[in-house]
Amino acid sequence: MNKPLLITGSDKKYFDYLEANPSAFLANIQSNRSPSYFVLHRTTCRTINGSTHKDKPGAFTERSYIKLVSHDLNKLEAWGLKEGFIKDRFKYCKTCKVGL
């Protein structure tokens, strides 16, 4: 994948991507694209892959959040900067130890 893929409006598409790309990364973004919320994870992270959630259908990409996915963490960060997200506000998930 050359550029990051934005997944919005389809939890099925999101979960299909996670299953097919266990070594990729993602940015969890609020659907209103708040410039201060850009949280990076590995696609295997239990906090964003549904394994520990009892959320209603649509909770991952169909309401308050959207996902940006890529096999290259640097490309996610570059996309975030280009789109106006605040670098000092980028968060790197401590659960999946992304960025370490």
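A quick note: this is a predicted structure, and the numbers were derived from the prediction, not measured. Below, all heavy atoms of this structure are taken into account, side chains as well, without hydrogens, waters or symmetry copies.
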* To do: Could you tell me the separation between the NZ atom of K75 and the CG atom of L73, rounded to the nearest 0.5 Å?
  => 12.0 Å
* Asked: V39 and V69: same hydrophobic cluster, using ILVMFWY side-chain contacts below 4.5 Å?
  -> no
* Between L81 and E77, is any pair of side-chain heavy atoms under 4.5 Å apart? -> no
* Given the rule in the side chain to side chain contact (heavy atoms under 4.5 Å, CB included) test, do C93 and T47 qualify, once you have shown the distances and angles that lead to the verdict? -> CA-CA 9 Å; C93 180; T47 67; 4.2 Å; yes
* Asked: Quick one: are Y65 and I48 in side-chain contact, heavy atoms under 4.5 Å?
  -> no
* Asked: Closest heavy-atom contact between F38 and A27?
  -> CZ-CB, 3.6 Å
* Structure fact -> In this structure, CZ of R63 is separated from CG of D11 (nearest 0.5 Å) by 7.5 Å
* **L40 CG to L76 CG distance, which is reported to the nearest 0.5 Å** => 6.0 Å
* Would you say I66 and T61 make side-chain contact, with heavy atoms under 4.5 Å? -> no
* Asked: Between the main-chain N or O of N21 and the side-chain N or O of T43, is there a donor-acceptor pair closer than 3.5 Å?
  -> yes
* Structure fact -> One should read off an interatomic distance between Y37 OH and I86 CD1, to the nearest 0.5 angstrom, of 14.5 Å
* To do: Could you please spell out the steps behind the side chain to side chain contact (heavy atoms under 4.5 Å, CB included) verdict for L26 and Y14?
  => CA-CA 10 Å; L26 70 85; Y14 171 62; 3.6 Å; yes
* Asked: When hydrophobic residues are tied together by side-chain contacts of less than 4.5 Å, even through go-betweens, does V98 share a cluster with L68?
  -> yes
* Please round to the nearest 0.5 Å and tell me the distance separating atom SG of C96 and atom CZ of F25. => 9.0 Å
* Structure fact -> Here the side chain to side chain donor-acceptor pair (under 3.5 Å) pairs for residues 78-87, sequence neighbours left out, are K87-Y92
* Reported NZ-to-OG distance for the pair K67 and S10, which is rounded to 0.5 angstrom -> 12.0 Å
* Between the main-chain N or O of I7 and the side-chain N or O of K13, is there a donor-acceptor pair closer than 3.5 Å? -> no
* Candidate pair H41 and T95, rule side chain to side chain contact (heavy atoms under 4.5 Å, CB included), full reasoning -> CA-CA 9 Å; H41 297 270; T95 300; over 6 Å; no
* Using the six-membered ring wherever Trp is involved, compare the ring planes of Y17 and H71 and label them parallel, tilted or perpendicular (cut-offs 30° and 60°). => tilted
